[in-house]
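Here's the structure, in structure tokens; my notes come after.
Count residues from 1 along the sequence.
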Amino acid sequence: TNNSIERIANSFSIDFSKFDPMLSNMEQAPSSEERREARLEVHVLHAIRQALMMKALALAGQLPTVSRRHESSVVDIMTLIQTMQIGEAVALLCEIFPASREEEVTLADLNEPGHMTGNPANGYDQLHADVIKPLEKIDCMMHQLTLAICQAYGAYG
């Protein structure tokens, strides 16, 4: 909840305010200005990551309702996105809302005319363009950002 996040942020602020003076008493420690400058790039990476999280949630808000036959709901998809399992959400969305096919090979033997005859593009192309593809791109960028943040802390492997 928001309250929990505020308490954690306050704890970090208190710890940080105690850490800075302690570090300044050490010999050969960088100045607080140098430490601040060194942290800016990581702060920018975190800010970009948070913006991507918000964009993913905003895109998920554009999802249409999902039929019960898929054994998933929009809430399930939103939960996947909220827990940053965006790749899994994209896979599920692609299953529920398939893109258009080049040709309707599986229905080629049917002779009964339907209400959308002559148009093999009976998929959810607009939903793919507006929501699913951007979510897929966000997922890739989140992976790259996570790697960059880990490397900024020297966490390799």
For residues 48-57, run the donor-acceptor check on the side chains, cut-off 3.5 Å, and write out each pair with its distance to 0.1 Å, sequence neighbours left out.
none

The complete set of ring pair (Phe, Tyr, Trp, His ring centres under 6.0 Å) pairs with one or both residues in residues 82-101, sequence neighbours excluded, reads Phe97-Tyr124
Sequence neighbours excluded, which residues qualify as side-chain hydrogen bond (donor to acceptor under 3.5 Å, both in side chains) partners of Glu37?
-> none
Arg36 meets the side-chain contact (heavy atoms from CB on, under 4.5 Å) criterion, sequence neighbours left out, with Arg39, Leu40
Of all heavy-atom pairs between Ile81 and Ala89, which one has the smallest distance, and what is that distance?
-> CG1-CB, 3.7 Å
Enumerate, atom names and distances included, each donor-acceptor pair closer than 3.5 Å involving a side-chain atom of residues 60-79, sequence neighbours excluded.
from: Ser73; atom 1: OG; to: Val75; atom 2: N; distance (Å): 3.3
from: Ser73; atom 1: OG; to: Asp76; atom 2: N; distance (Å): 3.3
from: Ser73; atom 1: OG; to: Asp76; atom 2: OD2; distance (Å): 3.4
from: Asp76; atom 1: OD2; to: Ser73; atom 2: N; distance (Å): 3.0
from: Thr79; atom 1: OG1; to: Val75; atom 2: O; distance (Å): 2.8

The remaining residues in the hydrophobic cluster of Ile8, counting side-chain heavy-atom contacts under 4.5 Å among Ile, Leu, Val, Met, Phe, Trp and Tyr, are Phe12
Can you tell me how far the CG atom of Leu45 sits from the CD atom of Gln151, to the nearest 0.5 Å?
-> 10.5 Å
Under the salt bridge (Lys or Arg N to Asp or Glu O under 4.0 Å) test, which residues partner Lys133, sequence neighbours left out?
-> Glu136
Any chance you could measure Leu135, atom CG, to Cys140, atom SG, to the nearest 0.5 Å?
-> 11.0 Å
Residue set satisfying side-chain contact (heavy atoms from CB on, under 4.5 Å) with Cys94, at least two apart, ordered chain then number -> Val90, His128, Ile132
side-chain contact (heavy atoms from CB on, under 4.5 Å) partners for Met22, two or more places apart | Phe19
Determine whether Ile149 and Leu147 fall in the same hydrophobic cluster, where Ile, Leu, Val, Met, Phe, Trp and Tyr are linked whenever their side-chain heavy atoms lie under 4.5 Å apart.
-> no
Excluding sequence neighbours, so at least two apart, what forms side-chain hydrogen bond (donor to acceptor under 3.5 Å, both in side chains) with His143?
-> Asp139
side-chain contact (heavy atoms from CB on, under 4.5 Å) partners of Gln85, counting only residues at least two apart | Leu80, Thr83, Glu88
Looking at Ala129 and Pro134, what are the two nearest heavy atoms and their distance?
-> O-CD, 3.4 Å
Glu41 atom CD: more than 12 heavy-atom contacts under 6.0 Å = no
